[in-house]
Protein chains: 2
Amino acid sequence: MPPSPTPRISRTKRLTRSAQVANDIKRWIVQSHKKVGDKLPQEAALIQQMGVARGTVREALAALQAQGLITTSTGPNGGATLTQPPYERCLEAVSNFMYFEPVDIATLYALRRAVEPELAANVATRLSDADLAELDRLIGASHPAHGGSGDWNERREADLVFHDRLADACSSPMLALFCRLLNDIIRRVIVVRNAQQGFQAFDDDVFHSHSALMDAFRARDAERARAVMREHIEQTEALAMEAETRVQRERLLMDS
Amino acid sequence: MPPSPTPRISRTKRLTRSAQVANDIKRWIVQSHKKVGDKLPQEAALIQQMGVARGTVREALAALQAQGLITTSTGPNGGATLTQPPYERCLEAVSNFMYFEPVDIATLYALRRAVEPELAANVATRLSDADLAELDRLIGASHPAHGGSGDWNERREADLVFHDRLADACSSPMLALFCRLLNDIIRRVIVVRNAQQGFQAFDDDVFHSHSALMDAFRARDAERARAVMREHIEQTEALAMEAETRVQRERLLMDS
DNA sequence: ATCAATTTGTTCGTATGTATC
DNA sequence: CGATACATACGAACAAATTGA
């Protein structure tokens with residue numbers, strides 16, 4: 001019998017007990033100023049403190065785990081530990097959201113054209129020597145004449161990883177998040193046909209643009225990096241629109 | 001006894017049984033080309049098909065429900081129904097992701113400066129007369145001399161809702177998603193002090209810029225709308241940086 | 001390195017509430 | 001009203017994983 005300990009009216013929406021427990025735990029996290037790595041009370045303690053059954057507590061913890069806020073471990077001194085929610089949770093949420101929505105290539109690239117120059121300007125003064133070396137390696141891997149794979153899709157992947165690495169170096173988590181989301185949506189959704197025949201223009205453009213970007217990065221010139229990136233995305237956009245592309249929505253829901 | 005119907009080795013990463021069931025259901029959704037409104041098999045059928053316990057199936061369905069992919073209803077012919085995942089799931093995921101990350105106002109506005117002009121250009125040729133009327137109403141509500149509230153926070157909210165309405169009219173779900181996410185993060189995170197004293201410059205700027213936007217919208221001039229919006233965000237950004245603002249991260253975790 | 005204690009993970013059973021037809 | 005079928009909550013037992021003596 002759920003005795004409803006707080007006789008709230010709650011005529012609009014009834015919150016389940018596990019959801020209440022989950023919110024209480026969240027509130028406890030905020031008010032206790034808990035940080036990543038701190039441990040939550042164990043199941044037994046939560047059962048006592050909240051006065052609910054074990055299944056209810058576990059359901060609440062499962063909700064927090066599904067949001068990526070905690071991980072749990074077994075054994076003595078085990079239990080739930082606060083963690084930084086992984087990027088994959090955001091990607092999953094956005095992928096689910098977009099699955100039933102129409103996706104078109106033009107606006108995806110329009111968005112890239114808006115945010116990627118900002119990313120280039122952000123990282124221009126922040127890239128370490130190791131970062132620059134890794135980017136150089138990826139540039140090579142994206143062109144067949146400079147050590148890249150013979151498979152067009154693998155070269156395309158190296159191109160996208162180049163942009164992912166820039167996002168990794170970004171000082172703004174939100175800007176990095178948007179750029180990575182765009183990269184992954186493009187990765188999952190866009191399929192380019194006729195990849196083999198006569199598409200070396202794509203390889204050449206990527207190689208040339210990325211190399212120009214590296215020059216701006218090494219000069220620590222944020223504004224030049226921004227301009228080069230804008231031009232790069234515009235060219236890529238034009239080539240993508242010109243090629244026979246199609247949207248493959250199915251992959252959005254998978255790989256969770 | 002877990003009979004493990006598919007004797008997969010899975011040495012790399014052990015997935016919980018409920019997660020496997022959730023993925024199997026997702027795969028079934030994709031392969032069956034299910035659309036919003038279609039019904040999933042009932043619990044009893046899933047228990048039989050998957051060969052797992054009731055609790056496991058319920059946990060898997062709870063995961064899909066947490067992702068907003070299904071809603072469940074009771075009664076005869078009840079069960080799980082496919083739904084369009086709500087925007088709130090994306091906001092929740094991004095909010096959780098950002099909670100432990102540093103948030104600064106400058107880069108949030110830099111992002112707005114990148115995407116909002118794109119939004120303005122997108123909707124310029126799409127706004128209906130009803131949309132334009134609603135936007136006019138919100139412009140009035142955002143200025144104390146044109147019917148707006150005396151409370152500074154309420155006027156600020158009208159300003160943000162104006163931008164939300166533009167996102168609602170956007171033809172690109174991804175662009176709309178980014179703009180709404182930015183609006184909500186700004187809504188939750190940024191607190192402006194000294195709101196009462198001498199900040200009519202903010203009201204005036206918003207009123208003037210939004211009005212200029214409406215002119216461009218009525219003229220169906222996408223490029224002018226883009227330019228006006230860019231200038232608007234830049235001015236707002238400058239005013240926000242000038243004011244005594246601070247970041248209140250706590251609200252990111254709450255209101256789930 | 002083995003073994004025992006601890007803690008979470010999984011499954012089952014049961015009862016009751018609740019919405020739908 | 002009443003039958004159906006899901007929703008929620010509790011309790012118990014056992015399995016699995018981890019830690020530490």
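Residue numbering restarts at 1 for every chain, and letters A, B, ... go by the order of the sequence lines.
No side-chain donor-acceptor contact under 3.5 Å links Glu250(B) and Gln31(A).
Toward the 5′ end of DNA chain D lies the nearest nucleotide of Leu61(B), the other residue of the pair Gly75(A) and Leu61(B) mapping further downstream.
The aromatic rings of Tyr87(B) and Phe97(A) sit perpendicular to each other, their planes meeting at more than 60°, with 30° as the lower class boundary. In this pair, Phe178(B) and Phe178(A) present their aromatic rings parallel. The plane angle is below 30°, not in the 30 to 60° band.
Across the protein-nucleic acid pair, Leu64(B) atom CG and dA7(D) atom P stand 13 Å apart, rounded to whole Å. Rounded to whole angstrom, the span from the CZ atom of Arg17(A) across to the C1' atom of dC10(D) amounts to 10 Å.
Residues from residues 51-60 of chain A with heavy atoms under 4.0 angstrom of DNA chain C, sorted by number: Arg54(A), Arg58(A). Residues from residues 78-85 of chain A placing a heavy atom under 4.0 Å of any atom in DNA chain D do not occur.
With rounding to the nearest 0.5 Å, the separation of CG in Leu160(B) from CZ in Arg155(B) is 13.5 Å. Here the CZ atom belonging to Arg126(A) is positioned 9.5 Å from the CG atom belonging to Asp131(A), to the nearest 0.5 angstrom.
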For this session: Begin from the C-alpha positions of Arg17(A) and Glu59(A) and carry the test salt bridge (charged side-chain N to carboxylate O under 4.0 Å, His left out) through to its verdict.
Result: CA-CA 9 Å; Arg17(A) 197 106 80 168; Glu59(A) 212 170 330; over 6 Å; no
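Here the side chain of Thr71(B) pairs no donor or acceptor atom with the backbone of Gln65(B) at under 3.5 angstrom. With Thr107(B) contributing its side chain and Asp104(B) its backbone, the two residues share a donor-acceptor pair below 3.5 Å.
Here the side chain of Thr16(A) is nearest to one of dG9(C), dA9(D), dT7(C), namely dA9(D). Closest to the Thr72(A) side chain, of the nucleotides dG9(C), dT19(D), dC6(D), is dG9(C).
If one axis is set at each end of the helix from dT2(C)-dA21(D) to dC21(C)-dG2(D) from five pairs, those axes are 10° apart, to 10°.
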